[in-house]
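One structure is given below, encoded as structure tokens.
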Amino acid sequence: MLVVQPPATAIPVVPSARVPRTASEIQVIRPYFGAVMVRIRGALDEDSAPQLRSELSTWAHRRFPVLVLDLSEVDFLDTDGLAVLGDIQARTVRENATLRIVTGDNRMVRRALSVSGLDHALNVSRLPSGWERATEIPSQS
């Protein structure tokens with residue numbers, strides 16, 4: 001015999017406060033042989049995606065053969081951030097340049113790229129050897 005019990009009373013769910021995100025920081029580094037690395041820390045979202053596009057357009061006229069985006073210290077990545085990565089990939093293909101995405105041990109970024117399918121379109125890897133000898137390029141302000 002099947003006994004069906006009435007549903008339990010609903011427990012009201014209080015929306016949790018928005019998780020504070022780390023402010024994004026974009027740092028441009030030129031390691032060697034004409035390559036340029038852009039290190040992004042914090043959130044790559046609707047607020048920082050335009051800043052990343054702007055920073056990359058500043059360096060685009062210099063025609064670096066290799067562009068490395070270091071996402072190993074990104075702590076939040078949303079659809080706007082993924083869209084800018086797709087746009088950067090398309091641009092590097094048009095300009096016959098190479099784009100490498102460095103994730104380090106950042107599982108959150110790897111998962112976001114995997115779920116979105118961008119991991120197949122992008123050259124995703126761990127930190128290449130030699131980048132630790134990089135020096136920061138002074139700002140152009």
Side-chain angles (χ1 to χ4, degrees), residues 2-141:
L2 178 64
V3 177
V4 178
Q5 298 194 2
T9 57
I11 300 171
V13 177
V14 179
S16 61
R18 185 174 174 185
V19 176
R21 297 181 192 151
T22 308
S24 62
E25 175 190 339
I26 298 174
Q27 177 185 26
V28 179
I29 300 170
R30 181 181 17 213
Y32 53 83
F33 302 117
V36 66
M37 176 189 273
V38 177
R39 180 175 294 140
I40 302 144
R41 292 184 177 111
L44 182 50
D45 57 6
E46 65 181 334
D47 297 330
S48 60
Q51 180 186 359
L52 179 58
R53 277 193 182 99
S54 172
E55 191 66 48
L56 291 173
S57 67
T58 300
W59 293 94
H61 69 280
R62 298 183 186 185
R63 305 273 186 211
F64 287 98
V66 178
L67 171 62
V68 179
L69 293 181
D70 181 357
L71 305 181
S72 61
E73 296 182 43
V74 168
D75 60 16
F76 183 81
L77 179 60
D78 70 1
T79 55
D80 293 303
L82 292 169
V84 77
L85 294 177
D87 293 347
I88 293 166
Q89 168 65 13
R91 184 176 185 165
T92 56
V93 167
R94 280 193 312 270
E95 295 175 356
N96 293 322
T98 301
L99 173 65
R100 293 189 184 130
I101 304 292
V102 174
T103 61
D105 293 326
N106 193 327
R107 291 182 184 177
M108 187 276 307
V109 169
R110 286 181 173 271
R111 179 155 168 69
L113 293 172
S114 175
V115 168
S116 68
L118 280 175
D119 59 337
H120 295 295
L122 300 172
N123 182 1
V124 180
S125 66
R126 300 208 180 271
L127 188 65
S129 62
W131 290 111
E132 63 275 6
R133 296 186 307 265
T135 58
E136 184 176 350
I137 297 173
S139 65
Q140 301 294 320
S141 6

Inter-residue atom distance Leu56.CG - Ile26.CD1, 0.5 Å rounding | 7.5 Å

If we only count heavy atoms from C-beta on, is the Arg94 to Arg91 side-chain gap below 4.5 Å?
-> yes

Below 4.5 Å, heavy atoms only, C-beta onward: do Gln27 and Arg41 meet side chain to side chain?
-> yes

All heavy atoms of Asp75 vs all of Met108, minimum pair found to be C-CE, 3.5 Å

Not counting sequence neighbours, which residues clear salt bridge (charged side-chain N to carboxylate O under 4.0 Å, His left out) with Arg53? List them please.
-> Asp87

Where Ser48 and Asp45 come nearest, the two heavy atoms and their spacing | OG-N, 3.0 Å

Gap between atom CG of Asp80 and atom CG of Asp47 - 0.5 Å precision | 8.5 Å

Can you measure from CG (Leu44) to OG (Ser24) and round to the nearest 0.5 angstrom?
-> 8.0 Å

Nearest heavy-atom pair of Leu69 and Ile88: which atoms, and what distance?
-> CD1-CD1, 3.8 Å

Could you state the interatomic distance from CG (Asp119) to OG1 (Thr103), rounded to the nearest 0.5 Å?
-> 10.5 Å

Do Leu82 and Leu113 have side-chain heavy atoms sitting under 4.5 Å apart?
-> yes

In terms of heavy-atom contacts, Val74 and Phe76 come closest through CG1-O, 3.2 Å

Backbone N or O of Arg110 within a donor-acceptor pair of the Ser114 side chain at under 3.5 Å?
-> no

To the nearest 0.5 angstrom, please state how far the CG atom of Asn106 sits from the CG atom of Asp70.
-> 9.5 Å

